[in-house]
Amino acid sequence: VVGLLNKLGKVKIKKVVSQMTSDKIEDMVKILTLSIGGTPEEKIGYKPALEKLLYDRYRHGDEYLFNFQHFFVSVKKLE
């Protein structure tokens with residue numbers, strides 16, 4: 001995609017990291033399933049695996065912390 005945009009002008013990419021925190025794993029699962037997508041039935045199916053992943057890797061004390069990476073791409077059009 002960036003290769004195609006380079007043909008149009010100067011490309012700038014900015015990375016922004018936001019963090020979601022909660023002391024309730026249910027809140028984390030609810031928000032993360034919005035990002036993962038799928039049908040309601042699929043979301044129910046992968047909920048146990050997501051809860052385990054959050055508990056094992058993203059639990060810090062009594063809180064769960066999860067980072068989201070956002071990439072903002074802008075193109076300054078060639079003259």
Side-chain angles (χ1 to χ4, degrees):
V1 172
V2 174
L4 293 172
L5 292 174
N6 277 320
K7 295 177 183 178
L8 300 173
K10 184 176 179 180
V11 176
K12 288 185 181 179
I13 301 173
K14 182 177 181 182
K15 177 177 146 183
V16 176
V17 178
S18 62
Q19 187 177 73
M20 180 175 67
T21 64
S22 179
D23 59 348
K24 297 182 179 112
I25 197 167
E26 299 85 15
D27 292 343
M28 300 294 282
V29 169
K30 186 176 180 180
I31 295 298
L32 290 172
T33 54
L34 294 173
S35 295
I36 296 171
T39 65
E41 293 79 20
E42 289 171 325
K43 290 179 183 187
I44 291 168
Y46 57 67
K47 182 180 174 188
L50 184 55
E51 287 175 341
K52 181 174 177 1
L53 178 69
L54 286 167
Y55 186 83
D56 292 346
R57 295 193 53 200
Y58 297 98
R59 182 175 50 94
H60 300 276
D62 293 334
E63 269 192 324
Y64 296 90
L65 308 171
F66 189 87
N67 291 335
F68 286 95
Q69 292 184 27
H70 312 274
F71 292 93
F72 297 89
V73 180
S74 62
V75 179
K76 185 174 182 182
K77 191 175 177 179
L78 294 171
E79 302 281 330

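Heads up: numbering here begins at 1 and tracks the sequence.
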Discussion item. Within this structure, what is the CD-OH distance for the pair Gln19 and Tyr58, rounded to the nearest 0.5 Å?
Written reply: 11.5 Å

Worksheet item: Got more than 12 heavy atoms from elsewhere within 6.0 Å of NZ, Lys47?
Response: no

Practice prompt. Hey, could you give me the CG/NZ distance between Leu50 and Lys43, rounded to the nearest 0.5 Å?
Written response: 11.0 Å

Practice prompt. Quick one: pull up CG in Asp23 and CE in Met28 and give me the separation to the nearest 0.5 Å.
Written response: 10.5 Å

Discussion item. Tell me whether the rings of Phe66 and Phe68 are parallel (<30°), tilted (30 to 60°) or perpendicular (>60°).
Written reply: perpendicular

Worksheet, complete the sentence: Nearest heavy-atom approach of Lys15 to Val17 is CE-CG2, 3.8 Å

Worksheet item: What's the shortest heavy-atom distance between His70 and Ser18, and which atoms?
Response: NE2-OG, 2.7 Å

Worksheet item: From Thr33 OG1 over to Ile44 CD1, what is the distance, rounded to the nearest 0.5 angstrom?
Response: 10.0 Å

Worksheet item: Are Leu54 and Ile31 connected in the hydrophobic side-chain network, where two residues link if heavy atoms are under 4.5 Å apart?
Response: yes

Discussion item. Using 0.5 Å steps for rounding, measure from the NZ atom of Lys52 to the CZ atom of Arg57.
Written reply: 11.0 Å

Discussion item. Suppose clustering is done on Ile, Leu, Val, Met, Phe, Trp and Tyr with side-chain heavy atoms closer than 4.5 Å. Which residues sit in the same group as Val2?
Written reply: Val1, Leu5, Leu8, Val11, Ile13, Phe71, Val73, Val75

Discussion item. Rounded at 0.5 Å granularity, tell me how far CD in Glu51 sits from CD1 in Ile25.
Written reply: 5.0 Å

